[in-house]
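Structure first, then comments.
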Amino acid sequence: QVQLVESGGGLVQAGGSLSVSCTASGSIFSINNMGWYRQAPGKQRELVAQITRDGIPNYADSVKGRFTISRDNAKNTVSLQMNSLKPEDTAVYFCNAYLQIAAMISVRGYWGQGTQVTVSS
């Protein structure tokens, strides 16, 4: 059983900052990429940022220069620091991790339950 549990998020005014974190727990052999997606009302889920096991990040163009993703492999956590937030960043943010639960089991993606980020204008 694998769980991804998010924390953080909340309500902030435009221009402010928030952070979200996610911890993976359970029967985990190894974790490959970890990342954050978001889904706004009426829109498709989209990639926000992703980070490899070696710490190489990848960002959506809309958040480059404002958001920073990081991870702690020892703690199986991934975090997203969000600065200069805009109303259009309002969405439910979902943690994602591609991991193996055992050495001979294929990598598959797991999702957290989501955490709300609301940016007021």
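Hydrogens, waters and symmetry mates are skipped; everything else that's a heavy atom, side chains included, is used.
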Distance-only polar pair, side chains of Asn83 and Ser17, donor-acceptor under 3.5 Å:
yes
Hey, is the main chain of Ala74 close enough, under 3.5 Å, to the side chain of Asp72 for a donor-acceptor pair?
yes
Closest contact, heavy atoms only, Ile69 versus Pro57
CG2-CB, 3.7 Å
Looking at every non-hydrogen atom in both residues, tell me the closest pair between Leu80 and Ala49 and how far apart they are.
CD1-CB, 4.1 Å
I'd like to know if the side chain of Gln100 reaches the main chain of Ala103, judged simply by a donor and an acceptor atom lying under 3.5 Å from each other, with no hydrogens or angles considered.
yes
Between Arg66 and Leu85, which heavy-atom pair has the shortest distance, and what is it?
NH1-CA, 3.8 Å
Can you label the angle between the Tyr93 ring and the Phe67 ring as parallel, tilted or perpendicular, going by 30° and 60°?
tilted
Validate the cation-pi geometry between Arg108 and Tyr98: distance from NZ or CZ to the six-membered ring centre under 6.0 Å, angle to the ring axis within 45°.
no
Can you list the residues that meet the side chain to side chain donor-acceptor pair (under 3.5 Å) rule with Ser70, with sequence neighbours excluded?
none
Gln113 and Leu4 have their tightest heavy-atom pair at OE1-O, 3.4 Å
Thr52 side chain near Asn32 side chain, heavy-atom distance below 4.5 Å:
no
Tell me, please, which residues at least two apart from Asp61 pass salt bridge (Lys or Arg N to Asp or Glu O under 4.0 Å).
Lys64
Is it the case that the side chains of Thr118 and Gln116 hold a donor-acceptor pair, with the cut-off being a distance below 3.5 Å and no angle test?
yes
Tell me, do Leu47 and Tyr37 make a side-chain contact under 4.5 Å, heavy atoms counted?
yes
Measuring only between side-chain heavy atoms, which start at C-beta, is Gln39 closer than 4.5 Å to Gln44?
no
Same hydrophobic cluster for Trp111 and Val92, using side-chain heavy-atom links shorter than 4.5 Å among ILVMFWY?
yes
For Ser121 and Pro87, indicate whether the former's side chain and the latter's backbone hold a donor-acceptor pair under 3.5 Å.
no
If you group Ile, Leu, Val, Met, Phe, Trp and Tyr by side-chain heavy-atom gaps below 4.5 Å, do Ile28 and Ile105 land in one group?
yes
Which heavy atom of Ile31 sits nearest to which heavy atom of Ala97, and what is that distance?
CG2-CB, 4.3 Å
Output yes when a side-chain donor or acceptor of Gln1 lies under 3.5 Å from a complementary backbone atom of Gly26, and no otherwise.
no
If you measure only the distance, is there a donor-acceptor pair under 3.5 Å linking the side chains of Gln81 and Thr68?
no
Common cluster, Phe94/Trp36, ILVMFWY with side-chain heavy-atom separation under 4.5 Å
no
List the atom of Val78, the atom of Met34, and the distance in Å for their closest heavy-atom pair.
CG1-CE, 3.7 Å
Value for OG (Ser25) from CG (Asn76), rounded to nearest 0.5 Å, stands at 8.5 Å
For residues Val20 and Tyr59: do they belong to one hydrophobic cluster (side chain heavy atoms under 4.5 Å, members Ile, Leu, Val, Met, Phe, Trp, Tyr)?
yes
Going by disulfide (SG to SG under 2.5 Å), name the pairs with one or both residues in residues 51-101, residues two or more places apart or in two chains.
Cys22-Cys95
